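Take a look at the structure below.
The model shown is predicted, which means the values in this text are computed figures rather than measured ones. These numbers come from the heavy atoms of this one structure, side chains and all, not from hydrogens, waters or symmetry mates.
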Amino acid sequence: MANVRLFDTTLRDGEQSPGVTLIPEEKLAIAKQLAKMKVNVIEAGFPISSEGDFNAVKMVAENVKGIEVAGLARCRKGDIDRAWEALKDAENPRIHVFIASSPIHMEYKLQMSEEEVIKNAVDGVKYAAQYTENIEFSAEDASRSDVDFLARLFEAAIDAGAKVINIPDTVGYSVPSEFGALIKDVREKTPNIDQVDISVHCHNDLGLAVANSLAAIENGATQVEVSVNGIGERAGNAALEEIVMALYTRKDYYGLDVTQDTTQIARLSKLVANSTGVSIQANKAIVGANAFAHEAGIHQDGVIKERTTYEIMDAKTIGLDHNKLVLGKHSGRHALKDFLDKYDYELDDASFEGFFKRFKDLADKKKNVSNADIIALLDNELYDYEKTFELEYISVLTGRGLLPTATVRLKKEGEIIQSAACNGDGPVDAIFQTINELTGMENIKLMSYKIDAVTEGKDALGEAFIASEIDGKIYTGHSSQTDITEASAAAYIEAINKYLVYNKNK
């Protein structure tokens, strides 16, 4: 059975979502999860854009094996050199070069003629070919380009050495029948197109990214560019989980084999949401909280009698499981390690000991510990990075008629520092102001603060999500604790630590 290659751009286009900043360690954790899911290509970033992006691409290239790692570059020698410097230690590096091809981009952005664009594309591909044969060429804004010009541009790029031709709907302008016809026309009008993979990269401005990608597949596309949870520029990209599950669920229609491990989807989705601070809407297809929920009585009755009456997918297929009691306060390290093995989590010895202590603390506080509770704790351990500040102690005094007061003790590079603040608008504000004073980070602007329960019940583990603006960029923090004030403080400190790591890498 034929299959479609999956090119994931969560770490490049996904990170371009407004308000998203990922440190290299977060990118590496996401890349490792993408590798577990068996995507074919990971686009790790745009190395020329910043020192942080270069370091992230380099870290992924050096540490994630068994998968192609791509870096983006304009058709410029400096971009391509920088991309190769970041990618050179990958097992199978790919240089992804691009230039715009639509009349509006050529006139106003590039100020180039068609022939100049073709020359730049050829020169870029040939220059990249000195480093690797694995070259992808993209015609930016292809969906608003003249198809005859696209055919000439692609023919020249293929002759120059491109092995993948990407046809992007960069601004999400196309509708499915139109985009499918474009792929068909390009195939028919480009003489040497049978020598390469045909890729598509669809944006979601009209909510049609997945539909356009599937239409492209029906018309001969052999690679689809996606992002986890559909994040990306503006309204985002075609969602990885929706593309994969559409092909998996409707194998009868598409006739394609899905080579990805679908059971990794739920974990991957949660990891990306926690790392980026971009929440998943409840009614989001595949990974939303309501995707496998039923409230209507008729639906509930049908599912009880036979699941397939109202469910076209089994939740277990994407890695969801019932919240069964698996471990408790009497469980030891071996039982916890068995759980990690079962769910394919990898922690080094130091991370495991920290996780084991957090688990025992949780088990002492909760009567029942569920899979979801344990996995929420694991989310805090999935990537390790240099933390300048660590939370040691927190105490909050609040109540009606009382001035909220927070006392916070932090460890800073082995030194204990402590302070209190009593001028906040509430207990959480008092915590944040105290942390600002201790860390010296007075230039923080809180952009969003969200709390949620991991499971049901009054003893539910609470999750806190923070998005803070520091020096014009957004940094996110996430933490799961039984005490929501502690979770809030830990999440806030994580955002500060990420800022310090990111700026150290610049």
Atom NZ of residue position Lys412 - does it have more than 12 heavy atoms of other residues, nucleotides or ligands inside 6.0 Å? no

Note, Pro47 side chain near Glu85 side chain (heavy atom, < 4.5 Å): no

Using only atom types and a distance under 3.5 Å, with no angle test, would you say the side chain of Thr405 pairs donor to acceptor with the backbone of Leu397? no

Is the cationic atom of Lys387 (NZ for Lys, CZ for Arg) positioned less than 6.0 Å from the six-membered ring centroid of Phe389 and within 45 degrees of its normal? no

With heavy-atom distances below 4.5 Å as the criterion, would you say the side chains of Ile48 and Arg74 are in contact? yes

Relative to each other, are the rings of Phe355 and Phe359 parallel, tilted or perpendicular (30° and 60° limits)? tilted

Separation between CD (Glu62) and NZ (Lys88), nearest 0.5 Å, reads 9.0 Å

Tell me whether Glu26 contacts the main-chain N or O of Ile23 through its side chain, where contact means a donor paired with an acceptor under 3.5 Å. yes

Calculate, to the nearest 0.5 Å, the distance between atoms CG and CZ belonging to Asn274 and Phe465 respectively. 4.5 Å

Rounded to the nearest 0.5 Å, how far apart are CG of Asp13 and OG1 of Thr170? 9.0 Å

Lys58 side, atom NZ; Asp89 side, atom CG - distance, nearest 0.5 Å: 5.5 Å

For the residue pair Asp348 and Ser351, confirm or rule out a side-chain donor-acceptor distance under 3.5 Å. yes

With a 4.5 Å heavy-atom cut-off, do Val20 and Ile231 have their side chains touching? no

As a quick check of understanding, evaluate side-chain contact (heavy atoms from CB on, under 4.5 Å) for Val454 and Asp373, giving each step before the final call. CA-CA 7 Å; Val454 174; Asp373 288 320; 4.2 Å; yes

Flag this pair as yes if the NZ/CZ of Lys498 is under 6.0 angstrom from the six-membered ring centre of Tyr385 and inside a 45 degree cone about the axis; otherwise no. no

Can a donor-acceptor pair be found, under 3.5 Å and without considering hydrogens, that links the side chain of Thr249 to the backbone of Met245? yes

Is a side-chain donor or acceptor of Asn3 paired with a backbone partner of Asp257 at a separation under 3.5 angstrom? no

Working note: Asn237 + Val226, criterion side-chain contact (heavy atoms from CB on, under 4.5 Å); need CA distance, chi angles, decisive distance, verdict. CA-CA 6 Å; Asn237 295 272; Val226 295; over 6 Å; no

Checking the side chain of Thr9 only, and the main-chain atoms of Glu43 only, is there a donor and an acceptor separated by less than 3.5 Å? no

Non-hydrogen atoms of Leu22 and Ser275 that approach each other most closely: CD2-O, 3.6 Å

CD of Glu91: more than 12 outside heavy atoms within 6.0 angstrom? yes

Nearest-0.5 Å distance that lies between atom CD1 in Ile444 and atom CZ in Phe432: 9.5 Å

If only atom types and distance count, is the side chain of Gln260 paired as donor or acceptor with the main-chain N or O of Thr262 below 3.5 Å? no

Quick one: closest heavy-atom pair of Ala495 and Ile470, and the distance? O-CD1, 4.5 Å

When rounded to the nearest 0.5 Å, the distance separating CG of Asp197 from NZ of Lys163 is 11.5 Å

Please answer whether the main-chain N or O of Gly232 pairs with a side-chain N or O of Ser17 as donor and acceptor at a distance below 3.5 Å. yes

Applying salt bridge (charged side-chain N to carboxylate O under 4.0 Å, His left out) to Lys27 and Glu15, what does each step give before you reach the verdict? CA-CA 9 Å; Lys27 282 196 170 188; Glu15 197 199 13; 3.2 Å; yes

Under 3.5 Å, is there a donor on one side chain and an acceptor on the other for Glu494 and His478? no

Do Asp8 and Thr10 have side-chain atoms, one donor and one acceptor, less than 3.5 Å apart? yes

Hey, is Lys357 close enough to Asp361 for a salt bridge, meaning N to O under 4.0 Å? yes

We want to know whether Tyr492 and Ser468 form a side-chain donor-acceptor pair, criterion being a heavy-atom distance below 3.5 angstrom. no

Has the side chain of His96 got a donor or acceptor atom that lies under 3.5 Å from a matching backbone atom of Gly71? no

Within a 6.0 Å radius of atom CD on Glu353, are there more than 12 heavy atoms belonging to other residues, nucleotides or ligands? yes

Applying side-chain contact (heavy atoms from CB on, under 4.5 Å), run through Leu240 and Val39 and close with a yes or a no. CA-CA 10 Å; Leu240 173 148; Val39 302; 4.0 Å; yes

If every non-hydrogen atom of Ile435 is compared with every non-hydrogen atom of Ala489, which pair is closest and at what distance? CD1-O, 3.9 Å

To check you understand the geometry: which heavy-atom pair defines the closest contact between Ala31 and Ile42, and what is its length? O-CD1, 3.5 Å

State, with a plain yes or no, whether a side-chain heavy atom of Glu413 is found less than 4.5 Å away from one of Thr388. yes

Would you please test Ile30 and Val60 for side-chain contact (heavy atoms from CB on, under 4.5 Å) and show each step? CA-CA 10 Å; Ile30 293 169; Val60 172; over 6 Å; no

Taking NZ, NE, NH1 and NH2 as the nitrogens, is one of them in Arg12 or Glu225 under 4.0 Å from a carboxylate oxygen of the other? no

Within 45° of the axis and under 6.0 Å from the centre of the six-membered ring of Tyr248, does NZ or CZ of Lys251 qualify? yes

Taking 4.0 angstrom as the limit, do Glu242 and Lys284 come out as a salt bridge? yes

Under 6.0 Å from the ring centre and within 45 degrees of the ring axis: does the NZ or CZ of Arg82 meet both conditions for the six-membered ring of Phe54? yes

Any chance CG of Asn283 has more than 12 other-residue heavy atoms, nucleotides or ligands included, within less than 6.0 Å? yes

Indicate the atoms forming the closest heavy-atom contact of Val69 with Leu87, along with that distance. O-CD2, 3.5 Å

Looking at side-chain heavy atoms only, is the closest gap between Phe292 and Met313 below 4.5 Å? yes

Is the closest side-chain heavy-atom distance between Asn92 and Ile67 below 4.5 Å? no

If you apply the rule salt bridge (charged side-chain N to carboxylate O under 4.0 Å, His left out), what do you find for Arg94 with Glu136, and how did you get there? CA-CA 7 Å; Arg94 174 182 294 193; Glu136 177 171 340; 2.7 Å; yes

Tyr131 vs Asp81, side chain to side chain donor-acceptor pair (under 3.5 Å): CA-CA, chis, key distance, verdict: CA-CA 9 Å; Tyr131 294 124; Asp81 288 339; 2.6 Å; yes

Is there a side-chain contact between Glu241 and Asn229 (heavy atoms, below 4.5 Å)? yes

What are the two closest non-hydrogen atoms of Lys38 and Asp261, and how far apart are they? CB-N, 4.5 Å

Does any part of the side chain of Glu463, heavy atoms only, come nearer than 4.5 Å to the side chain of Lys450, both counted from C-beta? no

